[in-house]
Amino acid sequence: MSSVTLDSAVASHGPTWHVASRLLHNRSFVIGAGLVLTIALLAVFASGLAPFDPLRNSFRTRLRPPDATYWFGTDHFGRDILSRVLFGARISLTIGLLTALATGIAGTLIGATAGFFRSLDNPVMRLMDALMAFPAILLAIAVAAVLGASVPNVIIALAIATTPHTARIVRASVLVVREHEFVEAARALGATELRILFRHVLPNALGPLIVRLTYVFATAILAEAALSFIGLGPPPPAPSFGSIIAQGRDFIAEAPWVTIFPGLAIIVSVLGLNLLGDGLRDVLDPRMRT
Amino acid sequence: MARFLTKRLAGAFIVLVLVSLMSFAIIWLVPGDPTAAFLDTSATPEQVARLRHELGLDQPLIIQMLDWYGRILHGDLGQSILLKRSVTAALLERLPVTLSLTSVALTLALLIGVSAGIVAAVNHNRWPDQVVMTAALFGLSVPDFWLGIMLILLLAVQFDVFPTGGYVPLGEDPLGWLESIVMPAITLAVIQVGFIARMTRASMLEVLSQDFIRTADAKGLTRTDIMLRHGLPNALVPVLTVAGIVAGSLLGGAVIIEQVFSIPGVGRLIIGGILSRDYPVIQGGLLFLAVIYLGVNLAVDILYAAIDPRVRLE
């Protein structure tokens, strides 16, 4: 795109339109957004789309391979895997989304505190370093185990494991933004420190945070699956991607479809989020481009 | 360099103190009495009291903490409730298993990831670049434990090339060791291959746009010479910094992968401890892995500062 059209676009439509237009011209973003939107819609309309009740046991339809009736086959309780994957998307995406939100809030508060109030920087960030010294997945497993397996506890565990890195990213952008002249201008106008932080610094430090949270969403879906595999995910019988895989594992030789399809669903969701993140990064945070 | 070292070591020490405090404090996250999770409801008050005494929970918090620090400074991580043996001994016994798994995975990840990254950068925006980047993205999006199960299904159950799981020590039977380690190491490496390939490509592209590359080109060096002598060595320096992150992810990944392939390593010990609420194993295992991670990162940072003088001055 030539700079002339870009400039005129900015002049006539403002910066939001400018970012949106660049995103829509980014291939990663468009493909990623398409995949994520598709999975999200399937999850939202799962009850209408699922051919069967995902919890309905039926001994007669036990371990059926994929056919015209059961597209993804059935598990050892005779439950339809396609229906379970559709409903599983609900729980897995909800956990991913809420983890990203929780991490976003905690990471912003902690990172902004460290970056903006300089005397708190050292103690706060050393604490984050210490949390980061534990392998993230192990930290999540330990917290989930200690708190007990439930959807909220999985979210808490994953948020604790992903917050330190997020805080570090927010802190880094706050450190850059706070040196800008408009911050000094706001201070000269008599704005309080908190107002400067929330009205001027944080909105301008938002780009890298949004990119990071997209990746946290993706990581959380993978980590939920790993937690379920260990037996610390959302408790049965409600399906999540991970719990379907975990239950299918015992029948892997006779009924591999129980394990294969939820795994593919994870790949599509995580791939979509990663592409979305790459696209957002290219546009919102060009310094981090890889 | 001396100033950099002092500063870095002091930082590492503070983090170490915090890490050991957190490992100790995890027992206090448990809602209610930690012993309740371990003993069933039929336990007599005497049994509860004995376990509380064994765990030191009948002491004031400050005494428990001093006791914890006193012990870990001597390398004593306490007694496992379930295994009835020293946590330190159990961890050390399983360490070679986890190290052999992670080091094979690390070697694979570096070899494949760096080569793929170079191929992508050298062919920037042409088809090999796109193939590598797409593959790397898939690598980052596959659940590792699921990939492990798929490999078992394909290579062990269907074609019987490798065993479905278990571990053979290297010293006992080198060929058996290789057979037992190939699938878990590949599984563990896949995510890191994607990560390292993307890093190497970005770093290489950055270096290739520098003036000294243009100079090398102008003085008539061949393309291969420019890439191998001027491009690659400079591009690998930032890749080294992520080695610490990679080491952390491998340790974390190994915890899950050991579970998939029934490998008796540190990760399986800790997961076992976590699932049976064997607190000394949880506390000791967390601290153990965190210390390894901190050590690796400290080494990487010092190495990085030794190679790249700009780091020291920051």
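If you're wondering where the values come from, they're calculated on a predicted model, not measured in any experiment. Order of the sequence lines sets the chain letters (A, B, ...), proteins ahead of strands, with each chain counted from 1.
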Which bit of [X] comes within less than 4.5 Å of chain B, counting heavy atoms only: side chain, backbone, both or neither?
X      : result
A:A218 : neither
A:A142 : both
A:L273 : neither
A:R249 : side chain
A:I245 : side chain

Per-residue contact mode, [X] against chain A (heavy atom under 4.5 angstrom):
X      : value
B:I14  : side chain
B:V157 : side chain
B:S203 : neither
B:I271 : side chain
B:V17  : neither
B:L21  : neither
B:V255 : side chain
B:L294 : side chain

A:Q247 and A:R84, any side-chain heavy atoms less than 4.5 Å apart:
yes

Got B:L286 and B:I270 here, is their nearest side-chain heavy-atom distance under 4.5 Å?
no

Work out which heavy atom in A:L222 is nearest to a heavy atom in B:L140; give both atom names and the distance.
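Answer, listing the atom of A:L222 first, then B:L140: CD1-O, 3.9 Å.
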
Write down the atom of B:L298, the atom of B:A12, and the distance for their closest heavy-atom approach.
CD1-CB, 4.1 Å

Closest-packed option against chain B by number of heavy-atom pairs under 4.5 Å, given A:T219, A:L138, A:L139:
A:L138

With a 4.5 Å cut-off on heavy-atom pairs, point out which of A:D129, A:N122, A:I137, A:I260 contacts chain B the most.
A:I260

So which of [options] has the largest heavy-atom pair count under 4.5 angstrom toward chain A?
options                : answer
B:L16, B:I149, B:N297  : B:I149
B:L275, B:L250, B:V260 : B:V260
B:L137, B:L251, B:L147 : B:L137

Report the C-alpha distance between A:Y215 and A:T166 in whole Å, list the side-chain angles of each, state the deciding distance to 0.1 Å, and finish with yes or no for side chain to side chain contact (heavy atoms under 4.5 Å, CB included).
CA-CA 10 Å; A:Y215 293 132; A:T166 310; over 6 Å; no

Kindly determine whether B:D144 and B:T187 satisfy side chain to side chain donor-acceptor pair (under 3.5 Å), including the steps that lead there.
CA-CA 6 Å; B:D144 48 7; B:T187 309; over 6 Å; no

Is there a side chain to side chain donor-acceptor pair (under 3.5 Å) between A:T162 and A:T103 once you walk through the steps?
CA-CA 7 Å; A:T162 52; A:T103 300; 2.8 Å; yes

For the pair B:Q158 (side chain) and B:L153 (backbone), establish whether a donor and an acceptor sit closer than 3.5 Å, ignoring hydrogens and angles.
no

Should A:D278 and A:R27 count as an ion pair when the cut-off is N to O under 4.0 Å?
no

Donor + acceptor pair across side chains of A:S228, A:E224 (<3.5 Å)
yes

How many angstroms lie between atom OG of B:S249 and atom CZ of B:F195, to the nearest 0.5 angstrom?
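Between atom OG of B:S249 and atom CZ of B:F195 there are 7.0 Å.
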
